[in-house]
Colleague: 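Dumping the structure here so I can ask a few things about it.
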2 protein chains.
Amino acid sequence: MHYLYCVSRTQNIHVTVDAIVFGYSKEEGVMVVLIKRKYPPFEGDWAIPGGFVEETESLEHAVERELQEETGIQINYLEQLYTFGQPKRDPRKRIISVAYFGIVKTSEFKRLHADTDAVAAQWFNIKELPKLAFDHQELLDVAIERLRGKIVYQPVGFELLDKKFPFSDFENLYSTLLDRPIDRRNFKKKVMHLGILDKLEEKAKSTGSGRPGNLFQFNESRYKQLVSQGIHFEI
Amino acid sequence: MHYLYCVSRTQNIHVTVDAIVFGYSKEEGVMVVLIKRKYPPFEGDWAIPGGFVEETESLEHAVERELQEETGIQINYLEQLYTFGQPKRDPRKRIISVAYFGIVKTSEFKRLHADTDAVAAQWFNIKELPKLAFDHQELLDVAIERLRGKIVYQPVGFELLDKKFPFSDFENLYSTLLDRPIDRRNFKKKVMHLGILDKLEEKAKSTGSGRPGNLFQFNESRYKQLVSQGIHFEI
DNA sequence: TATATTTGTGTTCTTTTTACACAAATATAT
DNA sequence: ATATATTTGTGTAAAAAGAACACAAATATA
């Protein structure tokens, strides 16, 4: 095959995109959005949203379009995850699926949570998942692993939180995702020392009992500076 | 689009795999294999080896098959890199390319280096690359970034070296890839402390001037143990 | 006004990382 | 055979980063 890109062969392979979208709230933890299948195969099972790529659109565009159509979600962070292409992953025909990994912010998550049911989409806690169609459990496993891996060296955490948040939300997110307790003082010391969080003057509006704390905000330029220096965030 | 996987649409998109294969030798540094295009577009330019996926084979199989056909290479390490799918990346039709990242060992690299010319394939130092066809420079940039990123937390270095190697080869590889000097004593201390290298009794056969050193060997079980404990190799 | 809940903060000890120089073994040239 | 150049092998001390740890202040609620 020296004729790469030169032969004109008819290939009967179809390309889809799938999107594993995460949301987070302090109350519910890390959630992922799934849709209920209405037709066979796997009728009635839950699946990761996605669909066919159109010939003239980019892969990213396809993801955003499908998400919009199936779930009404507009994500604010998107990155390519992995491409799944085993021959028999769809029983009907050969499908190559380019999976993406998306995140919505807490406020958006809460808003969506209220009305995604209207479009047969639903949020599930990543620790309490239903049986999934196709090889979607595998996609989800890869995505969760990636999310977990990313937060320890890149502050993807910010994509999950709102623009302003109390420090405890940030800490809880890490503790939840890493599934282990975190020492509040050491964690704060480290994060503040990196300079990626700015402490605001505002206090959080009291959300229950306890002392109200300051709000914090992600310092994006500082973050970019650190990344350009090749610095990892081993939190 | 709730009909994911239910519509039977005709998609005129083609799927290819590409393989960015790296080799290393102390004398030549980090090398990558390219093939010379014999037909338009980009006739005469160099390109990354690859080709169309067949309907019944896995993506990995397609990569290995194409590599074998175009370059005669059998890699010993392969992982998926990224999927490139911009609409106009091939001027003729829509092509989604699943790029892979491969490595051959030094001995294999030297052997191939001698005869890959026979099949219009050639090794290039990653610092002295020719102009590439299509968006292949971008694929290569992503692959090099990945290679560089990987060696600092996973010992992919071993995939590039022979089974037995003098410590200086290992050190030079890291120094070359990271493009910065490495303190020999501290580096050795760290690596040996991790336990991923076993010191052999054999000495390297003298390869020029200087004191002959011991040979070392990758300790795979120790490595797996560390990985299962979630340990990263920040070398 | 007492109680429960959450936030905020500093020090000490341990571990890890960095900086740094000289002697031993070989090959080559004279 | 002797001198010279090249490469390997090794330890210590100072600095930085990480881990362990407890109590007072601010609010909501009973």
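Just so it is clear: chains get the letters A, B, ... in the order the sequence lines come, proteins before strands, and each one is counted from 1.
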Colleague: In whole angstrom, give the distance that lies between atom NZ of K26(B) and atom P of dT6(D).
Modeller: 14 Å

Colleague: So which pairs with a foot in residues 174-184 of chain B pass side chain to side chain donor-acceptor pair (under 3.5 Å), sequence neighbours left out?
Modeller: K127(B)-D179(B)

Colleague: Got a sec, which residues hit salt bridge (Lys or Arg N to Asp or Glu O under 4.0 Å) with K105(A), two or more places apart in sequence or on another chain?
Modeller: none

Colleague: Under the side-chain contact (heavy atoms from CB on, under 4.5 Å) test, which residues partner E108(B), sequence neighbours left out?
Modeller: V104(B), R111(B), L112(B)

Colleague: Any pair with a residue in residues 213-233 of chain A that passes salt bridge (Lys or Arg N to Asp or Glu O under 4.0 Å), sequence neighbours left out, goes on the list, sorted by first then second residue, please.
Modeller: E220(A)-K224(A)

Colleague: Taking the minimum atom-to-atom distance to the side chain of N214(A), which one of dT7(C), dG8(C), dT5(C) wins?
Modeller: dG8(C)

Colleague: Roughly, in whole Å, what's the span from CG in L200(A) to C1' in dT7(C)?
Modeller: 16 Å

Colleague: Identify the residue among F109(B), Y24(B), F22(B) that makes a side-chain contact (heavy atoms from CB on, under 4.5 Å) with M31(B).
Modeller: F109(B)

Colleague: Can a side-chain donor-acceptor contact be found between H113(A) and Q122(A) if the only test is distance below 3.5 angstrom?
Modeller: no

Colleague: Regarding T106(A) and D162(A), do their side chains bring together a donor and an acceptor under 3.5 Å, going by distance alone?
Modeller: no

Colleague: Output the rounded distance in Å from CG (L194(B)) to P (dT16(C)).
Modeller: 10 Å

Colleague: Could you point out which residue of F216(B), F170(B), Y223(B) forms a ring-ring contact (aromatic ring centres under 6.0 Å, His included) with F158(B)?
Modeller: F170(B)

Colleague: Looking at dT29(D), I'd like to know if its phosphate oxygens (OP1 or OP2) sit under 4.0 Å from a side-chain N or O belonging to S209(A).
Modeller: no

Colleague: For DNA chain D, which residues of residues 180-193 of chain A approach it to below 4.0 angstrom with any heavy atom?
Modeller: D183(A), R185(A), N186(A), K189(A), K190(A)

Colleague: Rounded to whole angstroms, how far apart are NZ on K199(A) and P on dT7(C)?
Modeller: 13 Å

Colleague: Toward the 5' end of DNA chain D, which comes first, D169(B) or K203(A), by nearest nucleotide?
Modeller: D169(B)

Colleague: So for R211(B) and dT7(D), does any side-chain atom that can act as donor or acceptor lie under 3.5 Å from a complementary atom in the base?
Modeller: no

Colleague: Tell me, which stems hold DNA chain D, with a stem being 3 or more Watson-Crick or G-U pairs in a row and both distances under 3.5 Å?
Modeller: C:1-30 with D:1-30

Colleague: For F167(B), is the NZ or CZ atom of K188(B) found under 6.0 angstrom from the centre of its six-membered ring and inside 45 degrees of the ring axis?
Modeller: yes

